[in-house]
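Chain identifiers are assigned alphabetically (A, B, ...) following the order of the sequence lines, protein sequences preceding nucleic acid strands; residue numbering begins at 1 within each chain.
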There are 2 protein chains.
Amino acid sequence: MPASTSAPADPHRHDAKPRRRVGRPAAAVLDQDGITAAALQLIGKSGYDGFTMAALARTLNVAPSALYNHVSSKRDVLVLVQDHLTSLVDVSLFASDPWDQAVRSWAWSYRDVFSKHTPLIPVIAVLPVTDAPKTLAMYEAVSAGFSRAGFPQRLIVSAIVALESFIFGSAYDVTAPADIFDSGSMADSTPNFTAAVKRQDLEGYDKPADVAFNLGLEAMIARFGTLRA
Amino acid sequence: MPASTSAPADPHRHDAKPRRRVGRPAAAVLDQDGITAAALQLIGKSGYDGFTMAALARTLNVAPSALYNHVSSKRDVLVLVQDHLTSLVDVSLFASDPWDQAVRSWAWSYRDVFSKHTPLIPVIAVLPVTDAPKTLAMYEAVSAGFSRAGFPQRLIVSAIVALESFIFGSAYDVTAPADIFDSGSMADSTPNFTAAVKRQDLEGYDKPADVAFNLGLEAMIARFGTLRA
DNA sequence: CCACTAAATGAATGCCGTTCATTTACGATT
DNA sequence: AATCGTAAATGAACGGCATTCATTTAGTGG
């Protein structure tokens with residue numbers, strides 16, 4: 001056989017693919033917005049299981065360690081994603097429509113956004129608003145709407161928190177399997193519950209989660225509505 | 001030098017500490033109850049960060065791989081823990097007291113139990129009741145109470161789910177840092193919200209989370225109460 | 001022109017959940 | 001009583017993960 005095929009590669013020869021560039025690039029290829037967008041795209045394609053720092057770096061054609069020049073941890077990335085998603089929540093009706101309508105559309109849209117991103121909920125729930133400007137902007141729009149509607153100042157934050165807690169819990173509920181309440185072989189020992197599951201009424205909604213969300217949300221809207229001046 | 005010090009250890013010599021036993025033990029040292037108890041203890045001592053299969057095995061004086069003869073994954077252990085904790089939730093009032101009192105004590109106790117175990121919430125929320133017998137028992141007690149109170153069958157499950165969603169979300173809220181709503185340097189751009197945070201009324205409760213929980217829970221109890229026959 | 005710094009690389013680290021071949025003792029079967 | 005199958009342990013792997021670090025390079029400000 002010809003020597004050229006068996007001999008070790010000439011170390012001075014250029015590789016077929018040119019060696020990946022090292023050191024400062026002509027222009028920065030990464031920034032927080034780009035990382036956020038790539039993270040969102042990756043999560044959409046691979047879900048939160050497939051969302052790793054390595055995969056994120058691959059999406060951006062970059063080494064994993066490069067990410068750490070722009071964020072300080074994976075949690076940081078999740079915060080960026082969370083804040084972006086919150087900006088998709090619809091608060092527009094608070095500026096124009098009646099209070100109850102505004103709360104309704106806000107709550108449904110909030111739940112819908114995060115039901116596809118439940119792994120972020122533990123992050124949001126304890127995140128200081130300082131670290132999430134768009135989230136803070138949402139709170140401003142909502143509390144302005146509550147004020148405008150004559151809601152007593154001293155209750156605004158508590159009411160929003162109560163609604164939000166319900167929204168987060170309900171977002172999980174959306175992801176539950178359809179047969180979650182199937183009592184199976186233990187049906188005999190749980191007659192009341194088994195009967196209640198069988199008689200559950202969908203009221204024209206697509207999913208049980210929607211019925212429950214409507215029920216709880218309307219309860220809060222009705223009761224909170226009476227607290228206004 | 002004497003041969004004894006430089007020569008490799010005699011393979012037949014007994015080690016100072018007797019070699020750890022290998023193979024089937026005289027009596028099984030592990031079972032699901034023991035694993036659950038140890039997991040609970042470990043979580044109490046080290047939190048969910050320190051709760052690893054290796055640490056759990058160490059608590060039980062066992063190799064990590066031994067655990068997999070009794071559970072099929074770490075998630076399995078979390079399910080066992082979850083089911084145990086659910087049995088601590090107080091459903092006793094559903095058998096005796098008025099409906100609204102029973103719901104109140106159930107909801108507060110449910111929230112208090114899981115506010116110390118929020119990492120379990122994503123597990124519970126999507127867990128088929130078949131895999132958690134004590135959880136199923138809780139649902140039976142609660143739905144029996146709703147039935148007894150004249151609640152319409154077709155709404156029982158939805159009402160329970162709505163309450164549960166609120167409870168789970170509120171459990172996270174308990175763990176939030178006290179200054180979570182401090183808008184810091186962005187206070188200027190969020191005048192309504194900043195004012196509302198400042199005027200928030202604790203109503204004699206210890207924590208803001210308690211005020212919000214009371215507000216939302218009483219809204220649901222009031223509204224759901226009107227649905228009874 | 002030079003020193004500084006921002007921004008990349010890739011190798012290394014340490015932890016984690018999980019798998020697997022192997023070992024051993026109990027209990028049932030012959 | 002001897003045998004056999006199986007339950008239940010060990011410990012050595014494995015692959016994947018987030019993160020750190022020394023190093024390299026190219027722009028930038030003095």
Original post:
With B:Tyr205, which residues qualify under ring pair (Phe, Tyr, Trp, His ring centres under 6.0 Å), at least two apart?
Top reply: none
Original post:
When the C1' atoms of the five terminal pairs at each end define the local axes, what inter-axis angle does the helix from C:dC1-D:dG30 to C:dT30-D:dA1 show, to 10 degrees?
Top reply: 0°
Subject >> Per A:Tyr68 side chain, nearest of listed nucleotides C:dT18, D:dT10, D:dT19 >> reply: D:dT19
Interface polar pairs with nucleotides 22-26 of chain D, N/O, under 3.5 angstrom:
from	atom 1	to	atom 2	distance (Å)
D:dT25	O2	A:Arg24	N	2.6
D:dA26	O4'	A:Arg24	O	3.0

Original post:
Partners of A:Ser158 by side-chain hydrogen bond (donor to acceptor under 3.5 Å, both in side chains), sequence neighbours excluded?
Top reply: B:Gln200
Subject >> Heavy-atom side-chain contact between B:Leu85 and B:Leu40 under 4.5 Å >> reply: yes
Original post:
Tell me the salt bridge (Lys or Arg N to Asp or Glu O under 4.0 Å) pairs involving residues 54-79 of chain A, sequence neighbours left out?
Top reply: none
**OP:** Kindly write out the residues that satisfy salt bridge (Lys or Arg N to Asp or Glu O under 4.0 Å) with A:Asp210, not counting sequence neighbours, or none if the list is empty.
**Re:** A:Arg111
**OP:** Measure from the side chain of A:Ser65, starting at C-beta and using heavy atoms only, and say which of C:dA11, C:dT19, C:dA8 lies closest.
**Re:** C:dA11
**OP:** Measure from OH on B:Tyr48 to P on C:dC15 and round the result to the nearest Å.
**Re:** 23 Å
Original post:
Which ones in residues 33-43 of chain A lie close to DNA chain C, meaning a heavy atom under 4.0 Å from one of its atoms?
Top reply: none
Original post:
Rounded to whole angstroms, how far apart are NE2 on A:His70 and C1' on C:dA7?
Top reply: 6 Å
Subject >> Between D:dA8 (C1') and B:Leu60 (CG): distance, integer Å >> reply: 14 Å
Original post:
A:Glu140: what forms a side-chain hydrogen bond (donor to acceptor under 3.5 Å, both in side chains) with it, not counting sequence neighbours?
Top reply: B:Asn192
**OP:** Using atom CG of A:Leu56 as one end and atom P of D:dA18 as the other, report the distance to the nearest whole Å.
**Re:** 10 Å
Original post:
Which of the following nucleotides, D:dA9, D:dT10, C:dA8, is nearest to the side chain of B:Ala63?
Top reply: D:dT10
At a cut-off of 3.5 Å, list every protein nitrogen or oxygen paired with a nitrogen or oxygen from nucleotides 15-17 of chain D, distance to 0.1 Å.
none

**OP:** For B:Ser92, enumerate each residue passing the side-chain hydrogen bond (donor to acceptor under 3.5 Å, both in side chains) test, keeping only those at least two apart in sequence or located in another chain.
**Re:** B:Asp90
**OP:** Would you check if B:Thr118 and B:Phe114 make a side-chain contact, meaning some heavy-atom pair closer than 4.5 Å?
**Re:** no
Subject >> Whole-Å distance separating the CG atom of B:Leu67 from the C1' atom of C:dT19 >> reply: 14 Å
Subject >> Results of ring pair (Phe, Tyr, Trp, His ring centres under 6.0 Å) for A:His117 - residues two or more places apart only >> reply: A:Tyr48
Original post:
Among all residues two or more places apart in sequence or in another chain, which pass the side-chain hydrogen bond (donor to acceptor under 3.5 Å, both in side chains) test with A:Thr190?
Top reply: A:Thr194
